[in-house]
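See below for the structure under consideration.
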Amino acid sequence: MLVRDGAAGPEVFLQRRVGAMAFAAGMTVFPGGGVDPADGTADIAWAGPEPAWWAERFATTEPRAKALVCAAVRETFEECGVLLAGPTADSVVSDTTRYHDARGKLERRELSLAGFLAEENLVLRADLLRPWANWITPVVEPRRYDTRFFVAVLPAGQLADGATSEAAEVQWRTPAEALDRWRAGTDILLPPTWSQLDALAEFGSTAEILAADMVIEPIMPVLPGVAGQDVLAFPDSNRYFADLPDTGRLKGSVRK
């Protein structure tokens, strides 16, 4: 979740996924994606909390934690051109346009994150990220993911764009605006996205967001098993479904 301070409070960068996606087609989401086999497998210049710190907060192994952080940095760069890295451990690049070709190679898996950072003499800034949440796709879905949510503030001088084949539209909105659009039926939010926007709406600045000490427990929506009950249960699901304008527009995985 990429955030910045705006006139009306913190804003979050959102993408509307293209209709041809195999998962969450047409949904409004945060930038992100899956861990690549090359993520976290090579030595890279690293600033900030070590993998052990991330492993403790995400309840996973150190190698997996390192891969998750690397994937978060890589996917953010691939999907919106924002790079959480710098020439030194206490700096961050202010203009990512010079890395346009490398961004394409990363997206096509012609270049690894470790190779890119080494070639450009850049340090991964793990200290610019914060762990936020962990959601697991329900068992009723044919495509399932164990998703860790991170939050980061847009670095000064950098611009988030929509130059990715996965996004039909991008925009910065306050969490409140995003939730209002969802209630109006303009945008479609799956429960994990709704939940994070609902949490972000409680903060008055990006500094407050970064300072938040989130308790991260895995959340997997489940079917309650009650006769006539065919909606998923998860924290605050009653509020989600009470405000949801049209359940027929929710789409998870493409079934094959």
Original post:
Do the side-chain N and O atoms of Thr206 and Asp5 include a donor-acceptor pair separated by under 3.5 angstrom?
Top reply: yes
**OP:** To the nearest 0.5 Å, tell me how far Ile188 CD1 sits from Met27 CE.
**Re:** 4.0 Å
**OP:** Would you check if the distance from the ring center of Trp135 to the ring center of Phe234 is below 6.0 Å?
**Re:** yes
**OP:** State the CD1-CG distance between Ile44 and Leu122, to the nearest 0.5 angstrom.
**Re:** 11.0 Å
**OP:** Verify salt bridge (Lys or Arg N to Asp or Glu O under 4.0 Å) between Glu141 and Arg143, making sure each step is shown before the conclusion.
**Re:** CA-CA 5 Å; Glu141 287 283 358; Arg143 293 174 182 267; over 6 Å; no
**OP:** Would you give the length of the straight line joining atom CG of Asp180 to atom CG of Leu197, rounded to the nearest 0.5 angstrom?
**Re:** 11.0 Å
Original post:
Which heavy atom of Ala55 sits nearest a heavy atom of Ala65, and at what distance?
Top reply: N-CB, 3.5 Å
**OP:** Is it possible for you to say whether Val153 and Val123 belong to one hydrophobic cluster, with membership spreading through side-chain heavy-atom contacts below 4.5 Å?
**Re:** no
Subject >> Pairwise side-chain contact, Val231 with Ser237, heavy-atom cut-off 4.5 Å (strictly under) >> reply: no
**OP:** Only pairs at least two apart or in different chains count here, so list each side chain to side chain donor-acceptor pair (under 3.5 Å) that has a residue in residues 113-134.
**Re:** Arg125-Asp127, Trp132-Gln196, Asn134-Asp146
**OP:** Would you list the pairs meeting side chain to side chain donor-acceptor pair (under 3.5 Å) in which at least one residue belongs to residues 29-41, sequence neighbours left out?
**Re:** Asp36-Arg109, Asp39-Arg74
Subject >> Donor-acceptor under 3.5 Å (Ser94 side chain, Gly157 main chain) >> reply: no
Original post:
How far apart are the C-alpha atoms of Leu232 and Val222, what are their side-chain angles, what is the distance that settles it, and do they pass the side chain to side chain contact (heavy atoms under 4.5 Å, CB included) test?
Top reply: CA-CA 5 Å; Leu232 293 169; Val222 296; 5.7 Å; no
**OP:** For the pair Asp161 and Arg103, evaluate salt bridge (Lys or Arg N to Asp or Glu O under 4.0 Å) and give the outcome as yes or no after the intermediate values.
**Re:** CA-CA 13 Å; Asp161 61 37; Arg103 180 181 175 186; 2.8 Å; yes
**OP:** Report yes if the side chains of Val92 and Leu128 come closer than 4.5 Å at any heavy-atom pair, otherwise no.
**Re:** yes
**OP:** Look at Glu169 together with Arg16 and state whether they make a salt bridge at an N to O cut-off of under 4.0 Å.
**Re:** yes
**OP:** Check the hydrophobic clustering (I, L, V, M, F, W, Y; side-chain heavy atoms under 4.5 Å; chains of links allowed) and say if Val82 and Leu159 are grouped together.
**Re:** no
Original post:
So among Thr186, Thr28, Asp187, which one has a side-chain hydrogen bond (donor to acceptor under 3.5 Å, both in side chains) with Arg181?
Top reply: Asp187
Subject >> Residue that, paired with Leu189, satisfies side chain to side chain contact (heavy atoms under 4.5 Å, CB included) out of Leu179, Asp198, Val29 >> reply: Leu179
Original post:
With no hydrogens and no angle check, is any side-chain donor or acceptor of Glu79 less than 3.5 Å from a backbone partner on Gly32?
Top reply: yes
Subject >> Trp194 ring center within less than 6.0 Å of Phe241 ring center >> reply: no
Original post:
Is the closest side-chain heavy-atom distance between Trp46 and Cys70 below 4.5 Å?
Top reply: yes
Original post:
Quick one: are Leu2 and Cys80 in side-chain contact, heavy atoms under 4.5 Å?
Top reply: yes
Original post:
Which pair of heavy atoms, one from Pro221 and one from Pro138, lies closest together, and at what distance?
Top reply: O-CB, 3.5 Å
Original post:
When rounded to the nearest 0.5 angstrom, what is the spacing between OH in Tyr240 and CH2 in Trp182?
Top reply: 6.0 Å
Subject >> Min side-chain heavy-atom separation Phe13-Val3 under 4.5 Å >> reply: no
Original post:
Are any of the side-chain heavy atoms of Phe203 and Pro175 separated by less than 4.5 Å?
Top reply: no
Subject >> Side-chain (Trp54) to main-chain (Lys66) donor-acceptor, under 3.5 angstrom >> reply: no
Original post:
Could you walk me through whether Arg64 and Val35 pass the side chain to side chain contact (heavy atoms under 4.5 Å, CB included) check?
Top reply: CA-CA 9 Å; Arg64 186 65 171 175; Val35 172; 4.3 Å; yes
**OP:** Give a yes or no on whether the ring-centroid distance for Phe150 and Phe30 is below 6.0 angstrom.
**Re:** no
**OP:** Assess whether atom CD1 of Ile136 is packed by more than 12 heavy atoms of other residues, nucleotides or ligands within 6.0 Å.
**Re:** yes
**OP:** Check Ala160 against Trp172 and note the closest heavy-atom contact, atom names and distance.
**Re:** CB-CZ2, 3.9 Å
**OP:** Indicate yes or no: at least one non-hydrogen side-chain atom of Ile209 is less than 4.5 angstrom from one of Leu200.
**Re:** yes
Subject >> Separation of Glu11 CD from Arg4 CZ (nearest 0.5 Å) >> reply: 4.5 Å
Original post:
With no hydrogens and no angle check, is any side-chain donor or acceptor of Glu208 less than 3.5 Å from a backbone partner on Gly204?
Top reply: yes
**OP:** Report yes or no: does Glu75 contribute a side-chain atom to a donor-acceptor pair with the main-chain N or O of Pro31 at less than 3.5 Å?
**Re:** no
**OP:** Would you please test Leu106 and Phe116 for side chain to side chain contact (heavy atoms under 4.5 Å, CB included) and show each step?
**Re:** CA-CA 8 Å; Leu106 282 165; Phe116 164 62; 4.1 Å; yes
**OP:** Kindly say whether Thr174 contributes a backbone atom to a donor-acceptor pair with the side chain of Glu177 at under 3.5 angstrom?
**Re:** yes
Subject >> Reported CG-to-OG distance for the pair Leu117 and Ser112, which is rounded to 0.5 angstrom >> reply: 8.5 Å
Original post:
Can you check whether Tyr99's main-chain N or O pairs, donor with acceptor, with Thr96's side chain at less than 3.5 Å?
Top reply: no
